[in-house]
Amino acid sequence: MPEKYNPQEIEPRWQQQWEADGLYATVEDPGREKFYFLTMLPYPSGDLHIGHWYAMTPSDAAARYRRMQGYNVFFPIGFDAFGLPAENAAIKMGAHPYKWTLANIDRMRRQMRSMGAMWAWDHEAVTCDPEFYKWTQWFFLKLYDLGLAYKAFAAVDFCPHCNTTLAREQVWGDDRHCERCGTPVIKKDLYQWFFRTTQYADELLAGMETIDWPERVKTMQTNWIGRSEGAEVTFTVAPEYLPDSEAGAGDLVVFTTRPDTLWGATFMVLAPEHPLVDRITTAGQRADVDAYVNQATRMSEIQRGALDKEKTGVFTGAYAINPVNGAYVPIWIADYVLMTYGTGAIMAVPAHDERDFEFALKFGLSIVPVIERMDERAKSVVWDGSVQDEAAFIAALQAAGIDFRFLEIADRGRFFGVPLESDAEMDTFTALLLAHLKPGHWADIVGRRWQVVFDDGPMTLDSIIADQAIINRCRAGYELMRQYRTTMEMWQGTPWYRDVLFHHDYGVMINSGELSGTPGDRAVSATIDWLEARGRGHAAVNYKLRDWLISRQRYWGAPIPMIACPTCGIVPVPYGDLPVVLPEDAEFLPTGESPLKFHEGFRNVKCPQCGGDAERETDTMDTFMCSSWYQYAYVTPYYKAGQTIGPDDTPWDKAQGDYWLPVDQYTGGIEHATMHLIYTRFFTKAMRDMGLVNFDEPMKRLFNQGMILGEDNEKMSKSRGNVVAPDDLVQRYGADTIRAYLFFIGPWELGGPWNSRGIEGVSRFMQDVWNLVVDDGQPAGEPGQKETRDLRRATHQTIRDVTADVEAFKFNTAVAKLMALRNTLKAARSTPIYGRDAWNEGVDSLLLLLAPIAPHLTEELWQRRHPGPSVHVQRWPRWDDEAVKEDVVTLVVQVNGKVRGKIEAPANIDEAAARELALAEPNVQRHLEDKVIRKVIVAGGKLVNIVVG
RNA sequence: GGGGCGGUGGCGGAAUGGCAGACGCAUCGGUCUUAAAAACCGAAGGGCUAAGCCCGUGUGGGUUCGAAUCCCACCCGCCCUACCA
């Protein structure tokens, strides 16, 4: 009875053996090329999830592959151990966050060991260890020294129930509620610490050219950084609305990406929180403005959310002066302008900005087009009864070749709709109108031109004043026009016009003073030059990216090493006093407020500068701070533990860092695209500027794995009851089978649903590999040359293909090809080839290629065949180009692109011979009967396509 | 609204200009067994009685000797982002 495959016995045995042998101990070796392979560090939530396996085991396999290729591979691991869940547990169950976290880490370490990964546990780092966060705090001080850390007021998400600010990732759902208690968050102004990530905005953009990261991540980061070029333009509040202010106090700076539309700025909008609002609001508007500001603040509680929400706003009563044409423009406030972007104030150009257009129509504000339409289209309407003699007018139109149609609006009757295609046509049409219009009547020309043609001549919509003049005349002339407040609103009342009234394209400037006529491709730069020459504005760049807010009002994080002294102001903790340690005797309040705030021993401190009584900063740092530099900490974790450190230290051993850094390959989930992955890039650039590293990017290559889903194709969650527990699976199938199954499920970057029956096939595969080595075959007779060659071909093709697959992280097809080799070897087991060289080569290759995927099984079998050094330190097999070659190919013959025959042919068949064979094939001949051969295409010696007519 | 990813047998998926469905799951038939399971062997996209032929990669068009693959338009699903001036 042959021995059974027993992973439950094999796997723990080898894990212990490898550890005893120091197989994965990190050895710096300048003689060997290094490879730093990193997987995003886990949060110690307590229990290992199959998602952890899905993220970690393929990266382990890839790291093992690099190792077998001869690289000195560094594959470290650690724990992202600060964060809110530990504090929640402390509040709920009374366990101290430190104890809770360490217990979880212990548990996870045990579970992680069952994966059989080659982690460098000798370099493990835990971010909540004081010897780790000593350096996190050191980085804070260094950033502060560089001017990259500053304290400022900011509106932050605040949970009124828990009484604490929340990180952005702790605000959940569309209604933006608190992760912990479900209460909707509000915005609150607090004095907070920031890092100047924006200082590196351009470099963060440019650096993406130099790294081999997924385009998806690069796109997300590009959008997140949101660079936009334009101009800052200074408007001024009209002096009569700020009578007692000194010069310059009424300046209202706006950022715009469309300075070429400046002449069309017919009003301004400030964010409700804008500091100028209070000062400029007139007495008459005070009540409305105050009500709106209050409501806007309350709105942010339930979120200004719903985007299809209709625009709201209030007039402040004040006017500003448009610096390009001196026009008085009303200043409004509205919540569609955000205080956090640009300057918190905009110039509104309703003719060429959709939001402003909507707002202007709603509130009856002037709309003045200043950019010509790209198409030449214009439209006109001549209302029924506005010409003296309709028959004559129609005849004149027809004589002039001007197209028209009769259209109708329900309550206003019939009209001529006249599409106008060219300037000449518009001129002719205008002349016709002047000749035929009844006194007191008019017709419009809109689109390419913006005119109302009255019986005494056209008026052009080219300014706010003209707008008022036109609409007043129309209102006076016709009862139905009284409902309209602006010319554009009147035109908007005719549905037939609507598709030509608005556009946001670049085009020739019109109604723009001396810049009128400037073509669209030069309009922006010409306007900026014009503004700069007059000191009214300048080119400017704006970013959506904001500075990184790192203050957290809670206990379980690295304390910010700062002190507030009533005499000296903000004073940094001296480097030599680091770490600022979290007090252990903290009391966790059910309100969720940070115990540090109430911890007298922690808070009360002497000022390092003057020695007087001072207060320690009680906020702690965002946990993304820890993960921004952990890949450097891994080099020599807890460097200089117990020692005093200074500003000129390096947080890791310099020589070892020079060898291992930077990270060659990083793997992790896409969810960190715009958070962790931007922060760590920012950190590395700052570190370069501190002189710590001489490279610009922390990770050369990045790969994002997908997510493993439940059997129901939904995200795994306890409430759905579709969670797959890895520990049970290890018990049942062994780690190797789980690993191989996760690899096999589909492309790693896509993820996919778990299938509890699918794993059986992989389990059989492992069993079969076992049997190939352990069971005796029945060799009989002498193997033929062809059999030998066929098996060698299968082996070497597999080596070639699996190498390419693993290189590209295509583990699913790698496993499939190894299964195919298994099938081949199984078939060969009962042939004379069993036990011969080709057989041994096949089995050994299978074990070597499978070693990164199923480390325990392959080690056990390798040792049975070749007692000695581990399979994991063997050379990755190489394929022989000769052995890979096919002797025969199946020549596919098509007639007009349809397969009509297949012929076995020698592999190196030349074109002429292939053509001849193809034409001779009987079924092909049938399809050629009575047809003329027009063309014969021979593709790659594999396929012949005969084109017949 | 903007950006991205995807749509191929009953299922997970292969194939990125040249034989569609590799590999596996499930299914069906057979061997073994009193029987079942396991294991092993074999079949299998749909249709037609068929050597063979027709139809088949979300839909419709196009490019090409040849398209799952490239181009255009559309439909559906998922993810990210969202009044960014």
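In what follows, every heavy atom counts, from backbone to side chain, and hydrogens, waters and symmetry copies are set aside. Each chain gets a letter, A, B and so on, in the order its sequence line appears, and its residues count up from 1.
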Taken to the nearest whole Å, CH2/A/Trp332 to P/B/C83 is 21 Å
Checking all strands, does A/Asn923 fall into the base, sugar-phosphate, or nothing category for heavy-atom contacts under 4.0 angstrom?
sugar-phosphate
Rounded to whole Å, the CD1-C1' distance (A/Ile745 to B/C11) equals 12 Å
Is A/Asn812 close enough to B/A22 that one of its side-chain N or O atoms is under 4.0 Å from OP1 or OP2 there?
no
Per atom distances to the A/Ile346 side chain, the nearest of B/A85, B/A26, B/C54 is B/A85
At 4.0 Å (heavy atoms only), tell me whether A/His504 reaches a base, stays on the sugar-phosphate, or touches nothing.
nothing
Paired to B/G56 by Watson-Crick or G-U wobble criteria (both distances under 3.5 Å) is none
Atom CE of A/Met819 and atom P of B/A14 are separated, to the nearest Å, by 14 Å
Mind checking A/Arg926 for me? I need base, sugar-phosphate or nothing, with any heavy atom below 4.0 Å counting as a touch. sugar-phosphate
Applying a 4.0 Å non-hydrogen cut-off, can you work out what A/Lys942 is touching in the nucleic acid: base, sugar-phosphate, or nothing? nothing
Can a donor-acceptor pair be found between the side chains of A/Tyr543 and A/Asp202 at a distance below 3.5 Å?
yes
Side chain A/His504, main chain A/Glu354, donor-acceptor under 3.5 Å:
no
Side-chain atoms of A/Val892 come closest, of B/C19, B/G13, B/G18, to B/C19
Side-chain atoms of A/Asn223 come closest, of B/G3, B/A85, B/C54, to B/G3
| Touch check for A/Asn542, heavy atoms < 4.0 angstrom, all strands: base, sugar-phosphate only, or nothing? | nothing
Rounded to whole Å, the CG-C1' distance (A/Asp805 to B/C23) equals 12 Å
Among the nucleotides B/A85, B/A26, B/A20, whichever has the atom closest to the side chain of A/Arg764 is B/A26
| message | Quick check on B/G52: is either OP1 or OP2 less than 4.0 Å from any side-chain nitrogen or oxygen of A/Arg900? | response | no
query = Would you say the ring centroid of A/Phe267 lies under 6.0 angstrom from that of A/Trp332?
reply = no
Counting the atoms with a prime plus P, OP1 and OP2 as sugar-phosphate, which does A/Lys826 contact under 4.0 Å by heavy atoms, base, sugar-phosphate, or nothing?
sugar-phosphate
Paired to B/U49 by Watson-Crick or G-U wobble criteria (both distances under 3.5 Å) is none
Checking B/G24, B/G18, B/C40 against the side chain of A/Arg822 (C-beta onward), the nearest is B/G24
Give A/Arg227 one of three labels, base, sugar-phosphate or nothing, depending on what nucleic acid heavy atoms sit under 4.0 Å from its own. nothing
Answer for the Watson-Crick or wobble partner of B/C78, both distances under 3.5 Å, is B/G4
Rounded to whole Å, the CD1-P distance (A/Ile946 to B/U64) equals 21 Å
In Watson-Crick or G-U wobble terms, with both distances under 3.5 Å, the base opposite B/C23 is B/G12
Next item on the list: Remember a base hit wins even if backbone is also touched, and classify A/Thr340 as base, sugar-phosphate or nothing at under 4.0 Å, heavy atoms.
Entry: nothing
- Test item: side-chain donor near acceptor, A/Gln221 and A/Thr674, under 3.5 Å: no
Against the side chain of A/Thr256, the closest entry in B/G52, B/A85, B/G24 is B/A85
Per the glycosidic torsion and the 90° limit around 0, nucleotide B/G30 is anti
Whichever of A/Met347 and A/Val815 has the more 5' nearest nucleotide on RNA chain B, that residue is A/Val815
Closest to the side chain of A/His927, out of B/G18, B/G3, B/C53, is B/C53
**Message:** I'd like to know if A/Lys902 reaches the base of B/C19 with its side chain such that a donor and an acceptor end up less than 3.5 angstrom apart.
**Reply:** yes
Checking N1-N3 plus N6-O4 or O6-N4 for Watson-Crick, or N1-O2 and O6-N3 for wobble, each under 3.5 Å, the partner of B/C40 is B/G30
A/Phe624 ring center within less than 6.0 Å of A/Trp548 ring center: no
